[in-house]
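What's counted below: heavy atoms across the whole structure, side chains too, no hydrogens, waters or symmetry copies. We count ligands from 1, going down the list as the structure has it; atoms in each ligand are counted the same way.
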Amino acid sequence: MIINVSQLLNEHIGSTRRYNVDGEEGFPYKGKVSLVRTDKGLLVSGSLVTTLNTVCSRCLCDFDYELFVGFDEEFLLHREEGAFVISEHREIDLSEVTRQYTLLTEPMKPLCSKDCAGLCSQCGKNLNLVTCDCIKEIDPRLAVLASLVKDRL
Ligand SMILES: [Zn+2]
Ligand SMILES: [Zn+2]
């Protein structure tokens, strides 16, 4: 995703441009990007939505989910360690910033749904799809309660 910014760079500090973006960086993304001219270059703010394919951390199924990726980064006219730069052709390339922020935003333990039932700890069946006959291990603290309930019955 490359945007030519030569015109904006000729404008005064504070000048703004907005773009709708729609692209592919190994994953599809779309959204809005705004560019503001600063004294050192451009402040680039993005709000993008991407669809990622991942594996549920609970039931291990494959699923696609939408991830909101937002960023504010300055792109500099002069090369600086660790900074995003405006190329000599006066273009900015959004692929690296998009990729980095997507990795940062990606959840560590993705869930296919917030109440995913997961896999049975004994037979390994996906409890979202089937119920199994395994006797669930009872937490020892709950076992005390369970026996109290049983006495009442
Ligand atoms: Zn799941
Ligand atoms: Zn089971």
Side-chain angles (χ1 to χ4, degrees), residues 1-5 8 16-38 40-76 79-87 89-153:
M1 177 72 214
I2 290 170
I3 298 175
N4 185 302
V5 294
L8 182 56
T16 307
R17 288 277 192 292
R18 288 194 170 77
Y19 297 91
N20 288 318
V21 294
D22 195 341
E24 179 89 33
E25 270 328 313
F27 42 83
Y29 67 88
K30 63 179 167 200
K32 289 184 165 60
V33 172
S34 76
L35 314 179
V36 180
R37 178 74 166 104
T38 62
K40 288 197 281 182
L42 296 169
L43 179 68
V44 181
S45 309
S47 54
L48 306 174
V49 175
T50 178
T51 305
L52 296 179
N53 180 266
T54 192
V55 173
C56 174
S57 63
R58 235 183 247 171
C59 72
L60 308 180
C61 71
D62 253 334
F63 69 103
D64 287 335
Y65 69 110
E66 284 200 333
L67 184 70
F68 172 81
V69 179
F71 60 84
D72 289 295
E73 280 288 342
E74 194 163 21
F75 280 64
L76 305 178
R79 204 159 282 280
E80 217 176 88
E81 186 78 25
F84 293 104
V85 288
I86 298 165
S87 78
H89 306 293
R90 308 201 128 198
E91 289 171 338
I92 55 169
D93 185 353
L94 296 180
S95 35
E96 187 54 26
V97 67
T98 303
R99 205 186 59 80
Q100 284 186 14
Y101 277 81
T102 302
L103 289 176
L104 282 175
T105 322
E106 224 178 324
M108 300 288 281
K109 290 190 169 176
L111 292 179
C112 62
S113 79
K114 68 178 188 305
D115 41 33
C116 168
L119 301 179
C120 171
S121 59
Q122 292 170 60
C123 69
K125 281 180 183 155
N126 184 340
L127 300 178
N128 296 312
L129 305 174
V130 292
T131 47
C132 63
D133 303 321
C134 298
I135 296 155
K136 297 286 172 284
E137 279 174 54
I138 299 173
D139 185 307
R141 285 163 302 179
L142 292 177
V144 177
L145 287 174
S147 66
L148 287 175
V149 173
K150 215 181 286 167
D151 288 348
R152 293 250 189 110
L153 292 174

Practice task
Decide yes or no for Tyr65 and Thr54: does some side-chain heavy atom of the first lie under 4.5 Å from some side-chain heavy atom of the second?
Solution key: yes
Problem - Nearest-0.5 Å distance, CG of residue Asn128 to SG of residue Cys116 - result: 4.0 Å
Handout entry: Closest non-hydrogen atom pair between Gly41 and Glu74, with its separation
Key = N-OE2, 4.4 Å
Exercise for the section: Would you give the length of the straight line joining atom CD1 of Ile86 to atom CZ of Arg79, rounded to the nearest 0.5 angstrom? Expected result: 11.0 Å
Problem - Matching residue for Tyr101 among Tyr29, Phe84, Phe68, Phe71 - test: ring pair (Phe, Tyr, Trp, His ring centres under 6.0 Å) - result: Phe71
Exercise for the section: Could you please spell out the steps behind the side chain to side chain contact (heavy atoms under 4.5 Å, CB included) verdict for Lys30 and Leu48? Expected result: CA-CA 5 Å; Lys30 63 179 167 200; Leu48 306 174; over 6 Å; no
Exercise for the section: Kindly report the SG-the Zn ion (ligand 2)-SG angle for Cys134 and Cys132 respectively, rounded to 10°. Expected result: 110°
Exercise for the section: Spell out the protein N/O/S atoms under 2.8 Å from the Zn ion (ligand 1) as residue plus atom name. Expected result: Cys56 SG, Cys59 SG, Cys112 SG, Cys116 SG
